[in-house]
> 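After the C-alpha cells below, expect a handful of questions from me.
Throughout, protein chains are lettered first and strands after them, A, B, ... in sequence-line order, and every chain is numbered starting at 1.
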Amino acid sequence: MLQSNQSVASLTKLRIMKRKTSSQPASSTPPSSPHQSPHFPVKLNSIFASKKPKNILKNSPAITTKASGEWVPLSIGKSELYLPLTFPTGQTFRWKETGPLQYTGVIGPHLVSLKQLENGDVGYHFHHTECEESARLALFDFLNLGISLSEIWEEFKVSDLRFCELASYLEGARVLRQDPLECLIQFICSSNNNIGRITKMVNFLSSLGKYLGNVGGYDFHQFPEINRLAMVSETELREAGFGYRAKYIIGTVEALQSKPSGGLQWLAALRKLNLEEAVDALASLPGVGPKVAACIALFSLDQHHAIPVDTHVWQIATQYLIPELSGTRFTPKLCSRVADAFVCKYGKYAGWAQTLLFIAELPSQKAILPSRFCDAEKVKPAKSKERKKGAHNARSRSMDGNENVM
DNA sequence: GGGAGACCTAGTAA
DNA sequence: ATTACTAGGTCTC
C-alpha cells in the first residue's frame, strides 16, 4: 500500500548558490542499471564547516568520473538517506517519482535523478548539467549531507523510546536543504491546500523557468527567477487555479523585488539569523504565516529546530508530548507551546525529529508499521469531525493515502 | 491581543 | 443528481 502513495511526485529545489546558465536541454532516460562505480571527491569542508554533526562524507574515498548511464554511488547508505521517506513526504513538490525507488528533480540548473540502489546506498545521475563538479556540490548541499542523520537520530533514540522504535522502521527520513526562493513559493502555495493541487500550482510556476529536459515522461524546468515570476499576473495565477493565493504570490514576489539587496540575497541572509528573526522576516511577506514560515525555515534556511505546527502536528504533540492538552482545540496561540515542547524534548535538531514523527503518521507508513503504532487513536477535540480522506493540508505532506497527484 | 469570518477548492455527506 | 458543508493557513476586521 505504500506504493500507491509514492506515486506522488515530489519536486525539488535548487540551491541558492549562483545559478549557472545551463546549456542545451537534455532529453534523457534515467539509467536503469545500478553500477558500482568509484566514489567522488569530497571537498566539502568549507561548505559544511558550520554544521554540527560530522560530515558523513568526510572520509569517503575520493575519485570520480561517472559515465552517463551509470549511477554514481553516494556511499552513505540507507540509514542516512532513504528516498521514499524523503522526497514524497511533503518537503518539496517539485521532485517526481520516475522509476522504482527513483526520484528526479532539479537542483539549481542541474537535472538529476536519485535512486536507492540494491545495496541500500543511493546513486545519482545528472541528466543535464554544464559542470559536473558544481552539480555534485549542489547535490550534496541539497541533500544536507553535512549532517549525519544517524548521528542526530542516536540522540533522539536515547531520549525517546517511541522515536527509537519508529526509527527502526523508518530509516533515512532526511530533511533537505532547499533553495529558499523555491521553498518559499512552494509553501505559500501549500497553505490551506492539498498535495494534488499544490503540485499543479508549483508545476505551473516551475514551467516558467528554463526547460532542462524530460525524464520518465515529466518535463523539468529550472525554477524561474524572481523577475520572471514577476511577469505573471494575478489573473493568470487565478486562472491556473491558485485561488486566493494568487495575490500572495504576486505580493511576495513584489516584496522580494523591492529588497535593497535583492530578493535572493535577502532570503539567503535569513540563514544567518536565529529562528525567531528568520520567522519574523518571512512572516512579513504576504501569504506567509507561522506555519509556512516554519516550513521554509526548516526546509531551506538551516533552522533545524523549526517546528511547522498544523493540526496534524498538534495531534502528535498532544498525544505524546503535552498530553495535558489532549482533547483541547488547537489555536494559533498554542503554536509556540507545541514548538517549545518539541525543542525541549529533542533539542537543536527538533525539526528533524518532528519530521520522522510526522511521517510515521502518514497512512502509507502506518500501513507498514506494526499495529502497536496505530492503536493510539488521536483524541479529537469535541468539535472536530472525522478526518477526511481527500483534501489534506500541504504540510500534511502526503497525509493522504489516496493522493494521486500527477 | 485574541477571536471570527472570508478566502478557494476538492472531497464527502446529506 | 444537486446541494451543503468541511478542512486547511493566512489575512482582515
> Using the rule side-chain hydrogen bond (donor to acceptor under 3.5 Å, both in side chains), only one of N203(A), T104(A), D219(A), T199(A) pairs with K96(A); which is it?
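Checked N203(A), T104(A), D219(A), T199(A) against K96(A); only one passes side-chain hydrogen bond (donor to acceptor under 3.5 Å, both in side chains): N203(A).
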
> Quick one: closest heavy-atom pair of S190(A) and V292(A), and the distance?
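Looking at all heavy atoms of both residues, the closest pair is OG-CG2, 4.5 Å.
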
> Sort and list the pairs that fulfil side-chain hydrogen bond (donor to acceptor under 3.5 Å, both in side chains) and have at least one residue in residues 242-253 of chain A, not counting sequence neighbours.
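Non-adjacent pairs meeting side-chain hydrogen bond (donor to acceptor under 3.5 Å, both in side chains): N192(A)-Y244(A).
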
> Roughly what angle, to 10°, lies between the helix axis at the start of the helix from dG3(B)-dC13(C) to dA14(B)-dT2(C) and the one at its end, five pairs per end?
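One end's axis against the other's: 50°.
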
> Would you compute the distance between atom CG of L149(A) and atom OG1 of T86(A) and round it to the nearest 0.5 angstrom?
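Going from CG on L149(A) over to OG1 on T86(A), the span is 8.0 Å.
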
> Could you state the atom-to-atom distance from CD1 of I198(A) to P of dT10(C) in whole Å?
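The answer, rounded to whole Å, is 12 Å.
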
> Quick check on side-chain contact (heavy atoms from CB on, under 4.5 Å): which of V122(A), L117(A), D121(A), L114(A) does W71(A) satisfy it with?
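That would be L117(A).
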
> Mind checking what makes side-chain contact (heavy atoms from CB on, under 4.5 Å) contact with V279(A), not counting sequence neighbours?
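If we apply the side-chain contact (heavy atoms from CB on, under 4.5 Å) test to V279(A), skipping adjacent residues, the hits are L275(A), A293(A).
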
> Go through residues 334-342 of chain A and report each residue with a non-hydrogen atom lying under 4.0 Å from DNA chain B, sorted by number.
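Output list: empty, so none.
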
> Please report the distance, rounded to the nearest Å, between CG in N193(A) and C1' in dC11(C).
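Answer to the nearest Å: 16 Å.
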
> I need the CD1-C1' distance between I185(A) and dT10(C), as an integer number of Å.
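Between C1' of dT10(C) and CD1 of I185(A): 15 Å.
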
> If you take the centroid of each ring, where Trp contributes its six-membered ring, are W153(A) and Y349(A) closer together than 6.0 Å?
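Ring centres of W153(A) and Y349(A) not closer than 6.0 Å.
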
> Please name the residue in the list Y346(A), W352(A), F342(A) that meets the ring-ring contact (aromatic ring centres under 6.0 Å, His included) test with F156(A).
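Among Y346(A), W352(A), F342(A), the one meeting ring-ring contact (aromatic ring centres under 6.0 Å, His included) with F156(A) is Y346(A).
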
> Among residues 236-251 of chain A, which ones have heavy-atom contacts with DNA chain B below 4.0 Å?
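Hits under 4.0 Å, by residue number: R238(A), G243(A), Y244(A), R245(A).
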
> For nucleotides 2-6 of chain B, give me every protein contact, N/O to N/O, under 3.5 Å, one pair per line with atom names.
none

> What is the distance from CZ of R197(A) to C1' of dT9(B), rounded to the nearest Å?
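Atom CZ in R197(A) sits about 4 Å away from atom C1' in dT9(B).
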
> Report the distance from atom NZ of K291(A) to atom P of dA7(C), rounded to the nearest whole Å.
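About 16 Å, once rounded to whole Å.
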
> Expressed as a whole number of angstroms, how long is the span from I296(A):CD1 to dG9(C):P?
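For the pair I296(A) CD1 and dG9(C) P, the rounded distance is 14 Å.
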
> Nearest heavy-atom pair of K259(A) and G263(A): which atoms, and what distance?
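Closest approach of K259(A) to G263(A): CB-N, 4.2 Å.
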
